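Working notes for the structure below.
Remember, predicted model here, so these are calculated numbers, not experimental data.
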Amino acid sequence: MASQDWFDKDFYAVLGVSKDASEADLKKTYRKLARQYHPDSNPGDAAAESKFKEISEAYSVLSDKEQRKEYDQVRAMGSGARFTAGGPGGQGGFEDVFGGMFGGGGQGGGGQRVRFGQGGGGAGGFEDILGGMFGGGGFGQNTGGFRGFGGPTKGRDVTATTTLDLATAVAGDTVKLAQGNGRPVNVRIPAGVADGQKIRLRGRGEQSRDGGEAGDLVVTVTVRKHPVFERDGLNLRVDVPVTFVEAALGATIEVPTLGGAPVKLRVAPGTPSGRVLRVKGRGVTTKNGTGDLLATVQVAVPSHLSDKAREALDALAAALPDEDPREDLLAKARG
């Protein structure tokens, strides 16, 4: 149904198109103007808000074939024509979709209700036109809309990085990071944080533009490589050199721990290179459990021998059984 104030409004002039403009031209022009005057693009600008209302009203009528035809007839009748506002049988839609956005619940001039169609006849409605322009998925979605339409939006997350040594990452600590605004922020690093792990601090990101929840601060942790220890899940690994005599005859050796005093381990006689000795509970502790310290034995071969030492080794070789330690390996390789 036509509105009584249609005669007073030149919707073609509002959009800046001719009276014979095609649906495609209307849509193209509207998209351009809506992007320019949308309240989200002009926060606090009352003039832009008013202009956006005008172009939205104009497009809602002209994009609907039936309403455009009726509007053209109203305009052609002259200044004496007046029409009542649309009743329950009208198409509805515009005031339902945008009700309350501009403080009037869709009220037209003189306190009467003005009904705007949602757009039909293949031209597409407002959600089709505005979808994607200001966050996608229909007007008001994702951006929170204008003046609370669709609910307040959460502020954007802020990302940061910090680099820690392995001991700090395992023990946990509080580090100070500089934000983009120059103000430092203290970040609690939990014990056992791993390389590449992200720590999320709720509400420490950007503030919402429309009164919603603040964004988060997301910190990515990089852990420097340690010269001695290597992390393996919740376990810590360390290579421990032993002498040939210690490996052959057995010995008690000291093994380093991360951030603590060395522990003593028993190397059994005849221990080969590569055997792993386990120290319970001396790995990484997190809320998911505690790992172990895994010490891998590496038999150290002397690079320089005295004449006396060489003679002793020759005597040892003569005393040992004539065995080939690679015999089993070669047999398996032959299949």
Side-chain angles (χ1 to χ4, degrees), residues 1-42 45-110 112-134 136-141 145-146 149:
M1 296 294 292
S3 167
Q4 68 176 28
D5 63 352
W6 275 8
F7 173 80
D8 301 320
K9 296 182 179 181
D10 189 344
F11 292 147
Y12 294 103
V14 170
L15 295 178
V17 297
S18 63
K19 293 184 178 181
D20 59 353
S22 66
E23 292 179 359
D25 289 338
L26 283 172
K27 180 182 291 188
K28 180 179 179 181
T29 301
Y30 173 71
R31 287 178 63 90
K32 179 180 179 181
L33 293 173
R35 185 181 295 110
Q36 179 180 354
Y37 293 104
H38 193 280
D40 285 354
S41 301
N42 303 273
D45 189 336
E49 174 186 332
S50 177
K51 183 65 176 178
F52 181 74
K53 290 170 57 180
E54 291 180 13
I55 62 177
S56 298
E57 178 185 2
Y59 182 75
S60 71
V61 174
L62 298 183
S63 64
D64 185 292
K65 287 184 177 180
E66 294 300 322
Q67 290 202 67
R68 182 176 181 179
K69 180 179 179 181
E70 187 177 352
Y71 170 75
D72 289 341
Q73 291 173 348
V74 171
R75 295 281 295 175
M77 286 181 181
S79 60
R82 287 295 184 267
F83 296 85
T84 59
Q91 292 187 8
F94 185 89
E95 66 177 311
D96 298 324
V97 175
F98 290 93
M101 277 181 58
F102 304 106
Q107 296 292 326
Q112 291 193 327
R113 181 180 297 274
V114 181
R115 300 184 67 85
F116 305 108
Q118 290 177 302
F126 279 94
E127 295 194 7
D128 298 328
I129 299 301
L130 292 175
M133 280 176 52
F134 303 99
F139 184 75
Q141 292 185 356
F146 177 54
F149 182 72

Original post:
If you take all heavy atoms of Y71 and D10, which pair is closest and at what distance?
Top reply: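 Heavy atoms only, the tightest pair is OH-CA, 3.3 Å.
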**OP:** Write down the atom of R68, the atom of K19, and the distance for their closest heavy-atom approach.
**Re:**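 Taking every non-hydrogen atom into account, NH2-O, 3.0 Å.
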Subject >> pair D72-Y12: side-chain heavy atoms closer than 4.5 Å >> reply: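 In contact.
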To the nearest 0.5 Å, how far apart are [atom1] in [X] and [atom2] in [Y]?
| X | Y | atom1 | atom2 | value |
| --- | --- | --- | --- | --- |
| L15 | K32 | CG | NZ | 12.5 Å |
| K27 | Y59 | NZ | OH | 5.5 Å |
| F11 | S60 | CZ | OG | 6.5 Å |
| D45 | K51 | CG | NZ | 12.5 Å |

**OP:** Verify side chain to side chain contact (heavy atoms under 4.5 Å, CB included) between L33 and Y37, making sure each step is shown before the conclusion.
**Re:** CA-CA 6 Å; L33 293 173; Y37 293 104; 4.1 Å; yes
**OP:** Please test Q73 against K69 for side chain to side chain contact (heavy atoms under 4.5 Å, CB included), starting from the C-alpha separation and ending with a verdict.
**Re:** CA-CA 6 Å; Q73 291 173 348; K69 180 179 179 181; 3.8 Å; yes
**OP:** Under the side chain to side chain contact (heavy atoms under 4.5 Å, CB included) rule, what do E23 and K65 come out as? Steps first, then yes or no, please.
**Re:** CA-CA 9 Å; E23 292 179 359; K65 287 184 177 180; 2.8 Å; yes
Subject >> Which residues share a side-chain contact (heavy atoms from CB on, under 4.5 Å) with V14, sequence neighbours left out >> reply: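 V14 satisfies side-chain contact (heavy atoms from CB on, under 4.5 Å) with E54, I55, A58 once adjacent residues are dropped.
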Original post:
What residues, two or more places apart in sequence or in another chain, satisfy side chain to side chain donor-acceptor pair (under 3.5 Å) together with D25?
Top reply: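 Expected list: S22.
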